[in-house]
Every structure is written in structure tokens, then in C-alpha cells.
Amino acid sequence: MDTIPPEILLHILSHLDIPLARYAGVCRAFQYLIEIKTFENIAITSTIPQIQRLDSVFGDERRRYLLRKLEFTVSLPHKLKNNRKRPLKYLRDRAFTQAISRLFICLEKWNYIPEGLGKLPSFALHLQGTASDVDYKAVHNHHKHMQFDGFQGLPSLECVNTLRVESLHIFPSDMAIIFEALPHVNNFSWALANAPRRLKDLRNELRDSMATTLLQTDFSRLQAIEIMWADHDPLNQDWSPENYLDADGHDRLSMGVNRILKLPNLKILTLKGLFILSPDVFNLIGEDIPNSLEELYMDVSKVSPARS
């Protein structure tokens, strides 16, 4: 069977029952193709046994080059147990911190090129969360945004080319820490929700943190950015629009988006959800106008940061 074209073997495999691993011993060609299909997309949770299993399976350095997407689900507590005295927010942040730290420590071993292979493995990392049914009373009126707790820093991972974050609402300043530990990411997709409008202080904190992240994080290598910023319509008759201008009459978030537009390698910028932005976003003149930008999409509110 080693002489059969790979296309025919793949067609045969498509008719076999899963898991395919049981057929790997049929012939050498079967083993290779089955390993490709088995290891190209891996999904694990943040439990210690699953991370240990990832470390064990990909202890074979050759298999690391088969991986195309690693989906990592962070298991988060959503209710307090009767014997727990710690706030739920603390427990969720601690679980998030431990999960991300363990994953990065595990993948740090991939940061070298095995002899004879010539380059590092490269794959997309998808981060997501569980337990969306949060008991907000137990969170003491905080929203579900994750922050690092007792954090010592993350090791750099040179093997990740794409970062996608969804259903895991990471505080912007903490998202910047994760991103800066991934020096070769060129495609970044990030979904997060704003806090309810009744939590005015937290909303302002999130917006300011998002602005700082866009203004200060090194995004220069990115070719595509997508940010989904879910928020309520500021024209809701039950609430008055907020004023986000600083003492100089500028909106820091708009200035942050303006900086992103000027990135040297950016081809696609997508801002979905609801962004309250000012004309500062398009303050582009002369040499500031990027030559690389090919596609721009923004969901912008009718209300400006000045409440007009």
C-alpha cells in the first residue's frame, strides 16, 4: 500500500470510523496520514492531566510540526461552594492565571529547532473560557473579565502565528501581557464584552485599559486585527451617554485606534460590536497613511466620546 497515491489513501480514511489511530499499523503511509489528521487540530482543557497529556503526546518533536491549531479551554468556577470564603472573582482570576501559566510553560519547550528540521513549528492558538452562567452576586458586582493574580510573567512562545480569544473576557492590560509573550503572531482576533452600564467605574476602567493597550502594546508585526467589543447602545433612553474626553479634549481610545491604523504591516482592521469613537481616529496625514492597509471595517456608535 506504500505505492498508493496519498489522495486515494485520504479518500479511504474519510470512510473509516474514528478514532483513526487504530488503523495506523496498516502501513507506513497510513501511519503518516493518520498522524497528520490526528494532530493537526488539538482541543484540550486547562486541567493538569490534559496539559500533561499535551506535553507527553508532543514530546515527539516531529509531531509538533503537524499541529495547525491548539484550542485551549480555560475551566473557570462559576459559583461559590458553601465552604469557600474567597470571593468568586478571586477564584476565577486564580484559575485563569494558573491555566495560562501552565500552558505557556508547557509550550516553552517548543522554542528550539530540532536538528535537521530547519525551522520552528508554527500553529494558531485559540483561547476560550467555560461557565458563562456566572453568579454575579457572588462576584460582588464585578463583570466576568479575567485578570492575572499573583502573576510572575509568561515565558515567550515563538511557535504561535495566530491568536484568537473568545468567550474568555480578558482584561485589556492582561491581554497585552499575553500578546507580548507571543512575538511571532501576525493575526489577532479578540472578543470581549464591556461591563453593564450600571457599573460606571468598571466601564471607565475597561475603556481606559483598552486605550492604553492599543496605544502602548507592540502590534507592529500584525497583518490582521479583529476586535469584538460588545456593548449596549449608548442611546438607550434609560441611561445618559458618558463623556470620555480627557483634559485636553481628546479621547484616548480613539487615539489608540488611530495608532493601530498606522501600523506598518497591517492589512486588515476589523472593529465589531460598538465603539464610541471621535474623529481623532482618522487623524492621518502624509507619511502617517499606511501603504499596507487593504480592508477596514468599524462598528461605530452614533454618539461621540463628548456625548454629542
Side-chain angles (χ1 to χ4, degrees), residues 143 145 162-166 169-180 185-197 199-236 239-308:
H143 202 49
H145 293 82
T162 298
L163 177 63
R164 183 177 183 89
V165 182
E166 56 188 352
H169 302 279
I170 302 174
F171 209 86
S173 57
D174 297 86
M175 186 68 252
I177 293 173
I178 293 175
F179 183 85
E180 290 183 339
V185 165
N186 55 44
N187 190 314
F188 179 36
S189 177
W190 178 22
L192 71 162
N194 207 343
R197 299 193 70 189
L199 301 179
K200 182 178 179 180
D201 290 343
L202 182 55
R203 283 177 63 84
N204 289 338
E205 186 180 359
L206 283 165
R207 184 181 177 89
D208 187 64
S209 181
M210 174 65 81
T212 300
T213 297
L214 297 184
L215 284 167
Q216 297 183 3
T217 307
D218 182 9
F219 291 123
S220 60
R221 58 194 175 276
L222 283 177
Q223 297 180 16
I225 302 176
E226 179 181 20
I227 301 177
M228 172 64 183
W229 178 246
D231 197 3
H232 301 285
D233 190 342
L235 293 178
N236 185 323
W239 301 90
S240 298
E242 299 91 344
N243 187 339
Y244 294 120
L245 299 184
D246 60 19
D248 296 323
H250 296 291
D251 171 45
R252 294 184 71 248
L253 181 58
S254 298
M255 295 169 65
V257 175
N258 174 266
R259 174 180 178 258
I260 296 300
L261 281 171
K262 299 175 183 178
L263 293 177
N265 298 307
L266 190 67
K267 295 182 179 180
I268 301 173
L269 176 60
T270 305
L271 302 180
K272 293 183 178 180
L274 190 67
F275 282 77
I276 303 175
L277 300 173
S278 75
D280 286 338
V281 169
F282 297 106
N283 184 19
L284 301 169
I285 57 175
E287 65 275 7
D288 288 338
I289 301 176
N291 294 321
S292 61
L293 192 63
E294 300 174 356
E295 183 178 324
L296 174 63
Y297 177 90
M298 294 184 181
D299 283 333
V300 181
S301 170
K302 295 179 181 178
V303 175
S304 76
R307 296 193 292 190
S308 60

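Reckoned from all heavy atoms, side chains included, excluding hydrogens, waters and symmetry mates.
- Between P172 and L192 the shortest side-chain heavy-atom distance falls below 4.5 Å.
- For N186, there are no side chain to side chain donor-acceptor pair (under 3.5 Å) partners two or more places apart in sequence or in a different chain.
- Closest approach of A195 to L206, counting heavy atoms only: N-CD1, 3.7 Å.
- Applying the salt bridge (charged side-chain N to carboxylate O under 4.0 Å, His left out) rule to D299 yields no partners; only residues at least two apart in sequence or on another chain are considered.
- For R259, the side chain to side chain contact (heavy atoms under 4.5 Å, CB included) partners at least two apart in sequence or on another chain are F219.
- Remark: D208 CG to L215 CG distance equals 9.5 Å, nearest 0.5 Å.
- Contact detail for R221 and V185: the closest heavy-atom pair is CG-O, 3.4 Å.
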Q: Verify side-chain contact (heavy atoms from CB on, under 4.5 Å) between L263 and I225, making sure each step is shown before the conclusion.
A: CA-CA 11 Å; L263 293 177; I225 302 176; 3.9 Å; yes
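- By the ring-ring contact (aromatic ring centres under 6.0 Å, His included) test, F188 pairs with F179, W190, sequence neighbours left out.
- The line from CG of D248 to CG of D251 is 12.5 Å long, rounded to the nearest 0.5 Å.
- E166 meets the salt bridge (charged side-chain N to carboxylate O under 4.0 Å, His left out) test with R164; sequence neighbours excluded.
- Looking at heavy atoms from C-beta onward, L214 lies in side-chain contact with I260 at the 4.5 angstrom threshold.
- Counting all heavy atoms, side chain and backbone alike, L245 lies closest to A306 at CD1-CB, 3.5 Å.
- Side chains of L296 and L261 form a contact here, defined as non-hydrogen atoms less than 4.5 Å apart.
- Residues P264 and S220 approach most closely at CG-O, 3.9 Å, considering heavy atoms.
- Within the model, atoms OG of S301 and CG of D231 stand 8.5 Å from one another, a figure rounded to the nearest 0.5 Å.
- With sequence neighbours left out, Q216 forms a side chain to side chain contact (heavy atoms under 4.5 Å, CB included) with T212.
- Residues meeting the side chain to side chain contact (heavy atoms under 4.5 Å, CB included) test with S173, sequence neighbours left out: F171, S209.
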Q: Assess whether side-chain hydrogen bond (donor to acceptor under 3.5 Å, both in side chains) is satisfied between N204 and K200, documenting all intermediate values.
A: CA-CA 6 Å; N204 289 338; K200 182 178 179 180; over 6 Å; no
Q. Given the rule in the side-chain contact (heavy atoms from CB on, under 4.5 Å) test, do W229 and L271 qualify, once you have shown the distances and angles that lead to the verdict?
A. CA-CA 7 Å; W229 178 246; L271 302 180; over 6 Å; no
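- When every heavy atom of D280 is checked against every heavy atom of N258, the shortest pair comes out as O-ND2, 3.3 Å.
- When side chains are defined from C-beta on, I276 counts as touching Y244, because their heavy atoms get closer than 4.5 Å.
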Q) Checking side-chain contact (heavy atoms from CB on, under 4.5 Å) for the pair N194/M210: CA distance, chi angles, key distance, verdict? A) CA-CA 11 Å; N194 207 343; M210 174 65 81; over 6 Å; no
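- Within the model, atoms CD of Q223 and NZ of K267 stand 5.0 Å from one another, a figure rounded to the nearest 0.5 Å.
- Side-chain N or O atoms of S292 include one that pairs as donor or acceptor with a backbone N or O of L266 at under 3.5 Å.
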(Q) Test side-chain contact (heavy atoms from CB on, under 4.5 Å) on F275 and I227; report intermediate values, then the result. (A) CA-CA 10 Å; F275 282 77; I227 301 177; 4.0 Å; yes
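- L163 places a side-chain heavy atom less than 4.5 Å from the side chain of M175.
- With values rounded to the nearest 0.5 angstrom, D174 atom CG is found 11.0 Å from H145 atom NE2.
- In this structure T270 satisfies the side chain to side chain contact (heavy atoms under 4.5 Å, CB included) test together with E226, I268, K272, Y297, sequence neighbours excluded.
- L269 contributes atom CG, which lies 10.5 Å from atom CG of L222 (distance to the nearest 0.5 angstrom).
- In this structure D246 satisfies the side chain to side chain donor-acceptor pair (under 3.5 Å) test with no other residue, sequence neighbours excluded.
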